Amino acid sequence: MALIVLVGIGIWKTSGRVDADRVAVVRQCDRVMGTDCRLIAVVPYGREATAEDALERAEAMLRALESRLSTWIADSEVSNLNAAPAGKLVPLSEGSIEILRAAQRAWQQTGGAFDITCGPLVQLWRRAGRRGVLPGQSEIHEARKASHWKLIELTDTGAVKHSAAARVDIDGIAKGYAIDRAADILRKAGLRGGLVEIGGDLVCFGQPPEGKTWPLGVKDPRGQGKLATLRLRDEAVCTSGDYERFIEIAGKRYHHIIDPRTGRPADAVPSVTVVAADAMTADVWATALSVLGPEGLRRLPEGVEAMVVVGTADDRRIFCSRGFLQRLEERPDRIEVVE
Ligand code: ADP
Ligand code: MG
């Protein structure tokens with residue numbers, strides 16, 4: 001279940017042509033980065049071949065990036081870095097270095113809440129989830145010692161670890177980066193508009209198939225319905241939540257996002273939705289706000305807008321930034337602006 005759904009997508013898919021002057025070509029890609037992926041190209045009627053070609057190239061880009069970046073693929077560049085001993089320079093492609101640098105900046109910008117060097121902690125808690133036993137104090141202590149940026153040094157051509165135990169986990173930024181690169185391809189293809197979506201995180205640009213803005217529904221993390229509808233043009237939106245991916249130990253649910261300050265799963269923020277100019281920035285802040293909670297809204301840089309939902313279905317509170325409220329079509333009840 002993705003937290004963001006494109007309102008009206010069913011109609012475009014069945015009728016093909018909606019507005020008289022343009023048509024939306026939709027490409028559904030089978031499992032990209034472990035989840036569903038959908039690409040849309042909007043072109044003048046009769047130019048469907050241009051759309052098909054652009055969508056095919058965008059999908060190829062996503063698949064190429066996945067094989068290079070995934071920590072789930074044993075011989076990816078990132079896996080090689082993680083498996084490397086201390087002191088060895090591990091060569092990385094330009095794209096991987098770009099992501100690691102962006103992740104390092106994000107660590108500074110979010111006051112340490114977004115931290116890809118938390119790999120050892122993420123692995124510890126994943127293992128705990130599989131075994132169904134909480135990790136002990138000393139295990140958490142050890143994993144925390146191995147989770148720090150001082151143990152990873154970036155160079156112009158690669159990265160060096162200063163401890164063999166150090167690991168990067170780029171799952172919280174790689175999807176956003178990949179969406180941006182696929183969107184670059186669509187943007188350059190001379191389309192009227194387009195959209196790249198992986199598991200509910202997306203970039204949209206230009207003209208939607210119908211109307212002037214892209215209508216995006218934000219699902220209720222604890223219920224069935226829709227919480228709100230965002231109206232976007234030329235922006236990215238990413239979400240984070242504990243509704244889909246979580247760790248369960250002894251019947252208790254733990255967030256899959258780690259609070260680097262404690263080395264423990266973040267206190268459940270049921271859902272975070274972030275709008276930014278690019279998907280990488282939105283992705284990073286979605287993870288960071290899951291750690292920081294509503295207070296984190298005060299830290300948002302210029303151009304990044306967000307909504308944080310806390311509490312239970314019966315007692316829910318919604319906080320958002322001013323700019324986020326402006327992008328909402330329907331306002332949910334009990335929404336408070338944090339500035
Ligand atoms: P999703 O994959 O559902 O989009 P996120 O983008 O929020 O979720 O990324 C969460 C993933 O990022 C986790 O599964 C983990 O691999 C990694 N991670 C966990 N905690 C942090 C953190 N504090 N900072 C950066 N990455 C994290
Ligand atoms: Mg994300």
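For this chain, numbers begin at 1 and follow the sequence in order. Hydrogens, waters and symmetry mates are skipped; everything else that's a heavy atom, side chains included, is used. Owing to the predicted nature of the structure, the values given are computational and were not obtained by experimental measurement.
- The side-chain heavy atoms of L154 and W149, taken from C-beta on, include a pair separated by under 4.5 Å.
- Shown here is R47, whose CZ atom has no more than 12 heavy atoms of other residues, nucleotides or ligands within 6.0 Å.
- Residue pairs meeting the salt bridge (charged side-chain N to carboxylate O under 4.0 Å, His left out) criterion with at least one member in residues 319-329, sequence neighbours excluded: R231-E329, E235-R327, R322-E339.
- Note on residues 111-124: pairs passing side-chain hydrogen bond (donor to acceptor under 3.5 Å, both in side chains), not counting sequence neighbours, are D115-T117.
- Cluster partners of I73, using a side-chain heavy-atom cutoff of under 4.5 Å among ILVMFWY residues and allowing indirect links: none.
- Distance alone, capped at 3.5 Å, places no donor-acceptor pair between the S70 side chain and the E66 backbone.
- Going from atom CE of M61 over to atom CD1 of I179 covers 13.5 Å, rounded to the nearest 0.5 Å.
- The closest donor-acceptor contact from the side chain of R317 to the backbone of V310 lies at 3.5 Å or more, if one exists at all.
- Here D30 does not pair with R63 in a salt bridge; the nearest charged N to carboxylate O distance is not below 4.0 Å.
- The backbone N or O of V275 sits nowhere less than 3.5 Å from a side-chain atom of W285 that would complete a donor-acceptor pair.
- Side chains of V43 and V23 form a contact here, defined as non-hydrogen atoms less than 4.5 Å apart.
- When every heavy atom of A143 is checked against every heavy atom of L124, the shortest pair comes out as CB-CD2, 4.0 Å.
- The salt bridge (charged side-chain N to carboxylate O under 4.0 Å, His left out) pairs that include a residue from residues 148-162 are R101-D156, where partners are two or more places apart or lie in different chains.
- Scanning for side-chain hydrogen bond (donor to acceptor under 3.5 Å, both in side chains) contacts around E94 gives an empty result, with sequence neighbours left out.
- To the nearest 0.5 angstrom, T50 atom OG1 is 8.0 Å from L191 atom CG.
- Proximity of D315 to R334: side-chain heavy atoms (C-beta onward) are separated by under 4.5 Å at one or more points.
- In this structure a side-chain-to-backbone donor-acceptor pair under 3.5 Å is present from N82 to V168.
- Here L92 contributes atom CG and T157 contributes atom OG1; the two are 8.0 Å apart, rounded to the nearest 0.5 Å.
- Nearest heavy atom pair, residue V272 against residue S290, reads CG2-OG, 3.7 Å.
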Determine, stepwise, if the pair L216 / L202 fulfils side chain to side chain contact (heavy atoms under 4.5 Å, CB included).
CA-CA 10 Å; L216 305 164; L202 63 89; 3.9 Å; yes
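- Of the possible polar contacts, one joining the D180 side chain to the A279 backbone as a donor-acceptor pair under 3.5 Å is found.
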Walk me through whether V338 and V308 qualify under side chain to side chain contact (heavy atoms under 4.5 Å, CB included).
CA-CA 10 Å; V338 175; V308 176; over 6 Å; no
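- What you find for A74 and S79 is that their closest heavy atoms are O-CB, 3.1 Å.
- Nearest heavy-atom pair, G158 versus I97, reported as atom, atom and distance to 0.1 Å: N-CD1, 3.5 Å.
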Working note: I99 + V78, criterion side chain to side chain contact (heavy atoms under 4.5 Å, CB included); need CA distance, chi angles, decisive distance, verdict.
CA-CA 11 Å; I99 293 185; V78 174; over 6 Å; no
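- Hydrophobic cluster membership for L89: V160 (Ile, Leu, Val, Met, Phe, Trp, Tyr linked by side-chain heavy atoms under 4.5 Å, directly or transitively).
- In this structure E77 satisfies the side-chain hydrogen bond (donor to acceptor under 3.5 Å, both in side chains) test together with S93, S96, sequence neighbours excluded.
- D171 places none of its side-chain heavy atoms less than 4.5 Å from the side chain of I116.
- Among all heavy-atom pairs drawn from A306 and L289, the shortest one is CB-CD1, 3.4 Å.
- Annotation: side-chain contact (heavy atoms from CB on, under 4.5 Å) contacts of D234 (sequence neighbours excluded): F205.
- S163 places no side-chain N or O within 3.5 Å of a backbone atom of L151 that could act as its donor or acceptor partner.
- In the hydrophobic clustering of ILVMFWY residues, with side-chain heavy atoms under 4.5 Å counting as a link, V133 and I258 come out apart.
- Partner V291 forms a side-chain contact (heavy atoms from CB on, under 4.5 Å) with one of T110, D267, I257 and no other, that one being I257.
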L230 and F324: side chain to side chain contact (heavy atoms under 4.5 Å, CB included), yes or no, with the steps?
CA-CA 8 Å; L230 277 168; F324 195 94; 3.8 Å; yes
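- Note on residues 279-308: pairs passing salt bridge (charged side-chain N to carboxylate O under 4.0 Å, His left out), not counting sequence neighbours, are E295-R298.
- For R233, there are no side-chain hydrogen bond (donor to acceptor under 3.5 Å, both in side chains) partners, not counting sequence neighbours.
- Between the E197 side chain and the R38 main chain, no donor and acceptor come within less than 3.5 Å of each other.
- The CD atom of Q108 sits 13.0 Å away from the CZ atom of F114 when rounded to the nearest 0.5 Å.
- Atoms CZ and OG1, on R105 and T281 in that order, are 8.5 Å from each other to the nearest 0.5 Å.
- Sorted by first then second residue, the salt bridge (charged side-chain N to carboxylate O under 4.0 Å, His left out) pairs that include residues 254-264, not counting sequence neighbours, are D259-R261.
- C29 SG to L62 CG: the interatomic distance, rounded to the nearest 0.5 Å, is 6.5 Å.
- Taking 4.5 Å as the limit, some side-chain heavy atom of R144 sits within range of a side-chain heavy atom of I140.
- Ion pairing of D53 with R57 is present here, as a side-chain N (NZ or NE/NH1/NH2) and a carboxylate O approach within less than 4.0 Å.
- At least one donor-acceptor pair closer than 3.5 Å links the side chain of W125 to the backbone N or O of G263.
- Between C238 and D201, the shortest heavy-atom contact is CA-OD1, 3.3 Å.
- Proximity of T239 to S271: side-chain heavy atoms (C-beta onward) are nowhere separated by under 4.5 Å.
- The side-chain hydrogen bond (donor to acceptor under 3.5 Å, both in side chains) search around D36 returns none, not counting sequence neighbours.
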